[in-house]
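Every chain is numbered from 1, with letters handed out A, B, ... down the list of sequences.
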Amino acid sequence: MSLGDCAAPMALEVMIAVWGGVNTALRAQLLAWYDANARDLPWRVRPAAQAAGAKADPYRVWLSEVMLQQTTVPHATPYFLRFTARWPTVGDLAAEADGEVMAAWAGLGYYARARNLLACARAVAGEHGGIFPDTEDGLRALPGLGPYTAAAVAAIAFGRPANVVDGNVERVMARLFAVDQPLPDAKPELKRLAAGLVGNERPGDWAQALMDLGATVCRPKQPQCDRCPVAAHCAGLAGGEPETYPRRTAKAERPHRHGVAYILTRGSEVALVRRPPKGLLGGMLALPSSDWRAARWSETEAMAAAPAMADWRSVGEVEHGFTHFTLTLQLLRAEGEADGVTQGGVIWSPRRDLDGLPSVFLKAAKAGLNGLL
DNA sequence: AAGTCGTGGCC
DNA sequence: TGGCCAAGACT
């Protein structure tokens, strides 16, 4: 529903009072639903435990929120468990070597997050005495904390009544208010609508309740409206097609790129390189590779770009989808002579220890070594 | 402000 | 099976 649906003329004060009452009811209904249906997640302090005095650890809240940026709960969970077991405090993480943290992040994607994670941990440890700022603005100033993550940590770890808006909340708002404007243009409007629902009671639970609702009931596909605690307020449901929200503008098609990856072995070892600190897969270990361009690489071109003089043999290719392009990686393999390496900075790594590679290179290495791992 | 930046699961 | 998309941030 919207204010415009009130047909009879009302004094402004009355309209505000009625609207406020609707919001109060909606908030209470969703929080009650959360008390009974909150997911049990390793970084979460459940409502019952909070009542018993347990408090969220800002380090764990922050770490989980960064890992969950554009990442599903099942994918992030094992990483969260490994990180917190290995680095129990922000100080432990801050003291770790870059390469160790990047390798631990391998496979999780969006590697700028790992670089910013370390930068943030070191800022907190070095400039804040190991204590996270407890305000949204203070958190927002840290590396890797944008509008969403700063609001989420402020609300969940520090009980600040912040407007926590992620993809789940955008979807819930789009359905609740039947917003026909498509994403991403609708983002400011959806955020404004979400702000109108934020109250002062249990800010952290409110944020998590809204996201749990989006993840388990108000799902992208096949929303479970019959189980929704706020279905009575939902204009999208009333309109009959809640699953069609949020609208989205059509995306541009993904281009295709081609590259060559070189698998140079020396006994049981494989030659790896460290990618430059910024850009795609920045700071990560990788197989040596050519540029990635629109045209396939001829055999001659592939040889000319090789990192070593060697007897290169074609061992197939792999395809990998990135967010904004698809990559075909032609694979060349050779048994290397130590003095044949023409590119500097080669890191010889055991074949059986390639877990620190991003998925695209792990896939290429496995395919190119053809079961020799 | 529009592009860049990963990955795996899903239907 | 291929396009869609998930607790976004940075430039």
Side-chain angles (χ1 to χ4, degrees), chain A residues 38-39 41-44 60-80 102 105-117 119-120 139-157 162-172 183-185 187-188 190-191 194 204 206-216 218-222 243 246 248-257 275-284 286 292 318-327 357-364:
Chain A
R39 288 178 292 173
L41 301 172
W43 47 84
R44 176 175 284 178
R60 294 168 65 88
V61 173
W62 160 73
L63 180 62
S64 68
E65 291 300 340
V66 173
M67 287 184 167
L68 288 164
Q69 288 167 7
Q70 299 289 287
T71 306
T72 60
V73 166
H75 194 188
T77 297
Y79 286 84
F80 177 84
M102 300 307 287
W105 195 275
L108 200 50
Y110 284 133
Y111 299 99
R113 291 185 297 172
R115 303 193 296 268
N116 287 328
L117 189 81
C120 180
L139 291 160
R140 179 70 181 81
L142 294 167
L145 283 91
Y148 163 77
T149 306
V153 176
I156 298 169
N163 187 23
V164 182
V165 183
D166 70 335
N168 284 307
V169 178
E170 288 180 345
R171 181 173 58 258
V172 171
L183 286 172
D185 289 353
K187 281 178 176 289
L190 295 171
K191 188 166 189 172
W206 170 253
Q208 294 178 93
L210 217 40
M211 292 190 283
D212 271 26
L213 185 75
T216 64
C218 198
R219 313 187 294 207
K221 296 172 184 174
Q222 296 182 312
E243 72 280 2
R248 292 181 191 276
T249 56
K251 291 176 181 174
E253 58 183 89
R254 296 193 304 184
H256 202 123
R257 294 186 193 170
R275 290 177 64 89
K278 293 185 177 182
L280 187 69
L281 307 172
M284 299 296 292
W292 300 350
V318 293
E319 196 160 288
H320 189 81
F322 289 94
T323 305
H324 54 294
F325 67 94
T326 302
L327 175 69
L357 289 176
S359 294
V360 59
F361 289 116
L362 187 58
K363 183 192 296 186

Quiz item: Between the side chain of Y79(A) and the main-chain N/O of A106(A), is any donor-acceptor distance below 3.5 Å?
Solution: yes
Exercise. Describe the nucleic acid contact of L41(A) in one word from base, sugar-phosphate, nothing, applying a heavy-atom distance below 4.0 Å.
Key: base
Practice problem: Measure from CG on L145(A) to P on dA9(C) and round the result to the nearest Å. | Solution: 8 Å
Practice problem: State which residues pass salt bridge (charged side-chain N to carboxylate O under 4.0 Å, His left out) with R44(A); sequence neighbours excluded, sorted by chain then number. | Solution: D212(A)
Quiz prompt | Non-neighbouring partners of A364(A) that pass side-chain contact (heavy atoms from CB on, under 4.5 Å), sequence neighbours left out | solution = L287(A), V318(A), L329(A), L331(A)
Quiz item: Which whole-number value in Å describes the distance from L139(A) CG to dA9(C) C1'?
Solution: 15 Å
Practice problem: Give the B/S/- string for nucleotides 5-11 of chain B, one per nucleotide from 5' to 3', where a protein heavy atom under 4.0 Å of the base yields B, of only the sugar-phosphate yields S, and otherwise -. | Solution: BBBS---
Practice problem: Please work out if R248(A) contacts a base, only the sugar-phosphate, or nothing of the nucleic acid, heavy-atom cut-off 4.0 Å. | Solution: sugar-phosphate
Quiz item: NA contact type, W105(A), heavy-atom cut-off 4.0 Å: base, sugar-phosphate, or nothing?
Solution: nothing
Quiz item: For the pair made of CG in N116(A) and C1' in dC10(C), what is the distance, rounded to whole Å?
Solution: 8 Å
Exercise. Apply salt bridge (charged side-chain N to carboxylate O under 4.0 Å, His left out) to K363(A) and list each qualifying residue two or more places apart in sequence or on a separate chain.
Key: none
Exercise. Hey, which sits more toward the 5' end of DNA chain C by its nearest nucleotide, K278(A) or S64(A)?
Key: S64(A)
Quiz item: Under 4.0 Å: is that the gap between some side-chain N or O of R171(A) and OP1 or OP2 of dA6(C)?
Solution: yes
Quiz item: Counting N and O atoms only, with roles assigned by atom type, does the side chain of R254(A) sit under 3.5 Å from a partner on the main chain of F322(A), one being a donor and the other an acceptor?
Solution: yes
Using distance only, find each side-chain donor-acceptor pair of residues 141-153 of chain A under 3.5 Å and give its atom names and separation, not counting sequence neighbours.
residue	atom	partner	partner atom	Å
Y148(A)	OH	E65(A)	OE1	2.6
T149(A)	OG1	Q69(A)	NE2	2.9

Quiz item: If you look at every strand shown and take non-hydrogen atoms under 4.0 Å, does P74(A) touch a base, only sugar-phosphate, or nothing?
Solution: nothing
Exercise. To the nearest Å, give me how far apart NZ (K251(A)) and C1' (dA2(B)) are.
Key: 15 Å
Self-check item: Partner set under side-chain contact (heavy atoms from CB on, under 4.5 Å) for H324(A), not counting sequence neighbours
Solution: none
Practice problem: Quickly work out the E319(A) CD to dG3(C) P distance and round it to whole Å. | Solution: 10 Å
